[in-house]
Amino acid sequence: MEMRSLEKIEGIGVDLTPKLQPIAFSLCDPFLHSHCYSCYRTLPSIHTDTGPIRYCSLFCSRIDYPIHFNSGEHHLFLILQSHSTTWHTDDTSDLRTALRLLHHFNQLGIVPSLQSDRIGGLLTNREKLKQQEDDDILARIKEGGRLMSLARIMRDDEREVEENNTELEEMEMVLCIVLTNAVEVQVNEKQGLGVAVYGPSFSWINHSCAPNACYRFSIAGPESDDSGRGEPKMRITTFGDEPGEIANENALCGYGPRIVVRSIKPMKKGEEVCVAYTDLLQPKAMRHTELWLRYRFICSCRRCSALSPTHVDHILHGNYAANPESTNSRWEPNFYKDNGYEELSDCMDEIISEYMSTGNPECCCDKLEIMLRQSLRKEQLQSWPTFKLHPLHHLCLNAYITLASVYKIRASELLSSDSVKNKHRSKFSKLSRFSAAYSLLLAGATHHLFLSESSLIVSAVHFWISAGESLLSLSKSLIWTSVFGQKCPNSSIFSHPGHSHCECLLMERFEVSMPCDLSQSASTKIEFEEISKGFMNCASRLSSEVWPFLTEGGPFFEDIQDPINFSWLETIKYSHALLLRSPCTSSHRENDSYCGLRCEREHLFQLGVHCLVYGEYLATICYSSPCYLTNHVRSLLQVQNKEIPFEYTAAM
Ligand SMILES: C[S@@+](CC[C@H](N)C(=O)[O-])C[C@H]1O[C@@H](n2cnc3c(N)ncnc32)[C@H](O)[C@@H]1O
């Protein structure tokens with residue numbers, strides 16, 4: 001089965017469905033004590049405590065507790081707590097969702113049939129998932145089915161405990177529906193809160209590595225009237241022979257996280273609507289491995305079946321490296337085929353898992369940067385005395401993500417220790433600058449790829465917002481007072497977020513209306529291109545002002561000429577002079593005038609605001625406004641507008 005567009009969709013950022021209710025959902029284990037099991041909102045200080053799960057109100061408890069108890073979920077908790085059995089992972093949400101889903105089918109009188117690969121229209125994929133005997137998934141399905149069956153036996157405590165193969169198989173089928181159709185419910189920047197299974201209108205949407213749609217969640221309490229009246233109409237429809245009995249989507253539980261499908265590309269009438277099941281910034285082989293392990297299919301979308309790899313895959317693939325010996329090309333193709341890409345990738349996994357287990361952030365940063373600079377051992381290099389990874393290689397992107405966050409952690413650890421007051425001031429400055437530099441580089445790199453593959457907009461949203469947040473925080477941080485002392489520019493630069501001499505359309509909108517309301521109208525391609533071009537012009541100009549400052553003292557950055565406009569990658573020939581160009585030195589900085597510092601700080605601030613406002617614009621396209629991302633940006637920018645708090649200065 002698949003879903004297709006009912007009409008031509010001209011703009012990007014159009015809701016393709018109204019808010020769809022889940023059939024079954026549950027919270028992930030880490031949130032069982034902090035969030036309401038029924039409406040997903042953070043628990044107030046007074047809440048209804050019903051054992052392992054909690055509710056924010058009597059209303060929520062009354063509506064959900066019967067399902068919790070009658071589905072056998074309550075008994076599953078008892079079994080797991082008895083320590084007589086263990087589950088494969090720390091999280092039991094898949095199992096709990098499966099019990100709730102089965103309960104729902106039972107309520108509707110839908111009886112699982114072992115002859116069909118569907119229940120209520122939803123694909124189980126059980127045969128394929130169980131194909132490989134030695135697989136971890138197989139063990140999970142078998143053990144999960146057994147635990148579900150035990151929980152239901154315990155619920156009906158008068159029943160005799162006996163081996164019942166048919167029942168076990170039914171349990172496995174329902175668990176397989178969850179593995180195949182469930183999505184992670186994301187309502188903030190952190191980890192997914194829970195998992196949910198939706199009816200065919202959502203669950204029949206297939207995957208593509210260049211999708212034309214994405215989805216967002218909306219959480220509302222069960223009391224609220226969220227019945228969908230006056231909402232956008234259904235713009236997608238099923239395609240394929242309807243497979244028997246279908247779960248009636250109007251007879252659902254009536255509460256829980258709603259999902260809305262939204263266009264991220266214009267569509268023709270009748271075009272298949274697809275979303276992404278996996279991280280699209282991975283190279284093809286990694287995407288395929290992940291899709292195969294979880295869903296057992298080989299993707300043959302436009303991006304995957306292109307005769308020669310698409311531009312994005314070509315870059316992410318890793319078949320490039322800088323060869324200083326070569327006279328005519330900066331980035332040589334096919335380098336990794338013979339030069340241990342696997343080894344490099346393993347090395348990176350090792351560095352990150354060592355950091356997770358030992359918690360030594362300094363060691364992690366050092367090792368990752370060495371890896372970025374000199375990736376293979378000398379004996380492997382043969383005729384290549386030195387080389388560098390392509391800056392947009394997927395291993396580099398992963399390294400930037402880790403480095404941005406680990407440098408930030410190191411800076412805040414230093415801040416919380418008294419030592420920053422004295423001898424470690426310049427170290428604090430360096431850590432904060434590097435964190436912002438890697439965030440900016442990541443956003444710029446993703447944007448460069450997004451220009452060739454527009455479905456990468458979803459990744460670009462997150463990275464632009466993180467970069468903006470990081471730059472803004474740096475422009476306010478104590479480095480200005482601690483490192484530059486009396487020369488610290490004052491806070492008047494923050495009084496006007498859009499600020500002068502900016503021709504970018506987005507900042508105009510930002511200044512005229514707060515918040516910039518794009519939610520009512522879909523963005524046309526022309527408008528989108530104009531806004532993006534204006535933003536890129538401003539961001540490039542500002543980043544050229546701050547890049548030397550952000551990267552001073554960081555040898556890895558010496559090879560990155562511009563973190564936003566990557567045209568230098570294609571046009572500039574390799575030259576030693578370029579690699580060895582003298583970085584901005586500290587003596588240069590010491591000679592800076594008060595005016596120079598003020599400009600630098602102002603540019604940082606301006607660039608931060610631009611990244612945030614552009615990130616908000618992209619978020620409005622992908623998720624509509626308000627959503628948790630646009631709210632987050634608004635709260636950051638509103639703090640700006642009030643008065644700059646110099647939040648860290650107080651700690652000095
Ligand atoms: C959530 S369901 C999508 C709807 C499904 N096609 C159906 O008939 O119910 C996920 C399953 O659909 C199939 N699927 C999704 N995207 C696919 C793709 N691009 N190519 C092949 N199969 C795909 C896989 O079997 C996968 O496990």
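Start at 1 and go down the list; that is how both ligands and their atoms are numbered.
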Exercise for the section: In sequence, state the C-alpha distance, the side-chain angles, and the governing distance for Phe31 and Tyr37, and then conclude on ring pair (Phe, Tyr, Trp, His ring centres under 6.0 Å). Expected result: CA-CA 9 Å; Phe31 302 102; Tyr37 209 90; over 10 Å; no
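Between the side chains of Tyr295 and Asn125, no donor N or O sits under 3.5 Å from an acceptor N or O. No donor-acceptor contact under 3.5 angstrom links the side chains of Ser93 and Ser26, judged on distance only.
For residues 26-35, every residue pair satisfying the salt bridge (Lys or Arg N to Asp or Glu O under 4.0 Å) rule, not counting sequence neighbours, is listed here: Asp29-Arg96. Pairs engaging residues 202-216 under the salt bridge (Lys or Arg N to Asp or Glu O under 4.0 Å) rule: Asp15-Arg216 [sequence neighbours left out].
The residues lining ligand 1, counting any heavy atom closer than 4.0 Å, are Met1, Arg118, Leu123, Asn125, Thr180, Asn181, Ser203, Trp204, Ile205, Asn206, His207, Tyr277, Tyr295, Phe297.
Looking at residues two or more places apart in sequence or on another chain, you find a side chain to side chain contact (heavy atoms under 4.5 Å, CB included) between Thr237 and Leu6.
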